[in-house]
Amino acid sequence: MVIGLRAMNDGVEHLLDPSSRRWLVGSRSDCDVVIEDPYVSAHHCVLERRPGGVLVVRDRNSRNGTKVDGNIIEGAELRVGSYLTLGRTTLIAIGAPGGDRKRAIEEMRGHDPAFRAMVEQALRAASTDCNVLIVGETGTGKDLLARVVHEASRRASGKFVAVNCGGIPRELIGSELFGHEKGSFTGAHADRDGYFVEANCGTLFLDELGELPLELQPHLLRAIESRHVRRVGGASERQVDVRLIAATNRLDGLGTESSRLRLDLYHRVATVVLVVPPLRERMGDLVELVNSMLLELSVEYGTKQVNEEGWKALAGYAWPGNVRELRHAVSRAVALGGESLGAADFFSQLRFGHRTPDGVAVPDGDPGLVPYQSMMRGAMEQALTTHGTIRAAASQLGMAKSTFADKARAWGLLPRRLPKPSRFKMPKPEAK
């Protein structure tokens, strides 16, 4: 859970008052978090704590906009390790040491065979101390898999330090990774250790490694090989004991000379390569993922269910943003929709009469039928395996028992009903 913000230029921490659930951020003195930056608006943005501990940041029509991890936003979730940029100031969200969130393995939702095989491979890699490269499209959950490896390793008692290489301003990347000496550049008002030192005896997770500038990649390679780092502006080196996990969504040419990731650095970090499948390749997990999200959001919005039209639309979409995009769609639907969630609740284009989003099957047409059947059949099969009875499986999926039974028989998950034996009655003897 995020407990504060740390300025990247001088390391000053702005802790969030735990007794409050809303904090105003800006340059005026009446703000809860005051940022001294002429490019920051008086009341630039607001932070809100949702039930369950989630922290949301919302822009307040600022002059220069609000960015999270390099993306301009109107509203977005702020997680531990996220970069919040206001004007020319970048802040990193920090969490409590040894926070109270769930173990990562408990959040790995899904029973798709390829997905589970990837998780098992990650657990085997965790028992070693070799470097790991996680490869997958944006939004597939590479950061969660990195936590799985860390928590299952001998370094689990050490720190897990997550760094989004694509979210750090280019001129500060060296300082963030390796630290800096006081006065080594404008704004360096004090000595500061970098992420390598912070992760000493633990795990350093470099997310979106492919975004690291080419001129800095040799310095990272040397730090990995020598296990020594030198602060920017420093004269001496410091030994570090760090297990490195890296991730990238830059799949083009990966492992070749044409990649944005240097070949020598690739071979150094890719001792074990874990490939996270995109959501469109494990649509049988869709129901489990959506229901888990609905359960999390029920704390704030109450219990809601997806109707048949909604499931068909969800199953007929390609989800280029993967699980992250799915989470945003479910959150939007729950916040704005009624108790029964349909296609227009998940896809706002349908609500306002605009064209169907690319890849979304029209709910009342045939295009969505096959993916819907595939998704629902996989979910029903898993529910039957887990719970053993039709009643319990139907309850988990929010379906009527009779509807579940009819679909399960039609899709070959249950033995078909045998015809009832006819009752043969002996004829009454004729009266003599």
Side-chain angles (χ1 to χ4, degrees), residues 1-101 161-164 166-172 175-176 180 182-183 185-193 195 198 296-297 299-301 327-328 331-332 334-336:
M1 185 172 72
V2 175
I3 65 165
L5 304 168
R6 187 184 71 222
M8 291 179 60
N9 62 336
D10 55 15
V12 172
E13 292 187 356
H14 305 274
L15 297 180
L16 304 179
D17 182 358
S19 65
S20 179
R21 301 192 70 83
R22 189 175 185 276
W23 302 270
L24 190 60
V25 183
S27 58
R28 266 181 44 169
S29 59
D30 61 343
C31 291
D32 301 290
V33 178
V34 179
I35 307 298
E36 296 181 0
D37 180 339
Y39 296 92
V40 171
S41 298
H43 294 162
H44 198 102
C45 64
V46 64
L47 305 175
E48 297 174 345
R49 180 81 70 196
R50 294 288 181 82
V54 173
L55 190 68
V56 175
V57 56
R58 299 189 183 282
D59 186 77
R60 287 176 58 97
N61 297 317
S62 61
R63 294 191 307 274
N64 298 309
T66 299
K67 293 182 180 179
V68 173
D69 291 336
N71 300 309
I72 296 179
I73 58 97
E74 291 183 5
E77 181 180 344
L78 195 66
R79 301 185 178 187
V80 174
S82 292
Y83 294 93
L84 176 63
T85 301
L86 317 174
R88 295 187 176 180
T89 299
T90 298
L91 308 158
I92 184 170
I94 57 176
D100 55 359
R101 62 179 169 183
V161 179
V163 182
N164 184 343
I168 308 176
R170 188 184 187 92
E171 65 275 9
L172 293 177
S175 166
E176 288 296 299
H180 63 250
K182 179 180 179 180
F185 57 86
T186 303
H189 303 305
D191 293 345
R192 182 177 178 275
D193 291 329
Y195 289 124
E198 185 180 348
E296 291 174 12
L297 293 167
V299 176
E300 181 175 1
Y301 295 101
R327 181 176 294 278
H328 289 325
S331 298
R332 179 173 58 247
V334 169
L336 301 178

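Basis for what follows: all heavy atoms, side chains included, without hydrogens, waters or symmetry-related copies. The first residue in the sequence is number 1, and the count goes up from there.
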ask   = After noting the C-alpha distance and the side-chain angles of Ile94 and Leu15, does the key distance pass the side chain to side chain contact (heavy atoms under 4.5 Å, CB included) rule?
value = CA-CA 9 Å; Ile94 57 176; Leu15 297 180; 4.3 Å; yes

Show your working on side chain to side chain contact (heavy atoms under 4.5 Å, CB included) between Asp193 and Glu198 and close with a plain yes or no.
CA-CA 7 Å; Asp193 291 329; Glu198 185 180 348; over 6 Å; no

Can you list the steps and then say if Leu86 with Cys45 is a side chain to side chain contact (heavy atoms under 4.5 Å, CB included)? CA-CA 9 Å; Leu86 317 174; Cys45 64; 3.9 Å; yes

Take Leu16 and Val33, measure what side chain to side chain contact (heavy atoms under 4.5 Å, CB included) needs, and give me the verdict at the end. CA-CA 8 Å; Leu16 304 179; Val33 178; 4.1 Å; yes

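Closest approach of Cys31 and Ala42 over heavy atoms only: SG-O, 3.2 Å.
Judged purely by atom type and a 3.5 angstrom limit, Asp37 uses its side chain to pair as donor or acceptor with the backbone of Thr89. Between the side chain of Ser62 and the main chain of Asp59, no donor-acceptor pair closer than 3.5 Å is present.
A search for side-chain hydrogen bond (donor to acceptor under 3.5 Å, both in side chains) contacts involving Ser29 returns nothing, not counting sequence neighbours.
The shortest side-chain heavy-atom distance between Leu84 and Val25 does not fall under the 4.5 Å cut-off. Side chains of Tyr83 and Lys67 form no contact here, defined as non-hydrogen atoms less than 4.5 Å apart. Counting heavy atoms from C-beta on, the side chains of Arg60 and Leu24 come closer than 4.5 Å. Within the 4.5 Å cutoff, no side-chain heavy atoms of His44 are placed close to those of Ile35. In this structure the side chain of Ile168 never reaches within 4.5 angstrom of the side chain of Thr90, judged on heavy atoms. Between Ser331 and Leu297, the closest side-chain pair of non-hydrogen atoms falls below 4.5 Å. The shortest distance between side-chain heavy atoms of Val2 and Leu47 does not fall below 4.5 Å. A heavy-atom distance below 4.5 Å is found between the side chains of Arg192 and Glu176.
For Arg6, the CZ atom sits in a packed shell: over 12 heavy atoms of surrounding residues, nucleotides or ligands are nearer than 6.0 Å. The environment of CD in Glu13 is crowded: more than 12 heavy-atom neighbours from other residues, nucleotides or ligands sit within 6.0 Å. The local environment of CZ in Arg88 is sparse, with at most 12 non-hydrogen atoms from other residues, nucleotides or ligands closer than 6.0 Å. Around CD of Glu171, the count of heavy atoms belonging to other residues, nucleotides or ligands within 6.0 Å exceeds 12.
In this structure, Thr85 OG1 and Tyr39 OH are separated by 15.5 Å, a value rounded to the nearest 0.5 Å. The structure places CZ of Arg50 at 13.5 Å from CD of Glu296, a figure rounded to the nearest 0.5 Å. Between the CD1 atom in Ile3 and the CZ atom in Arg49 there is a gap of 9.0 Å [rounded to 0.5 Å]. In this structure, the separation between CG on Asn64 and OG on Ser41 is 6.5 Å, given to the nearest 0.5 Å.
With 3.5 Å as the limit, one finds no donor-acceptor pair spanning the side chains of His14 and Asp32.
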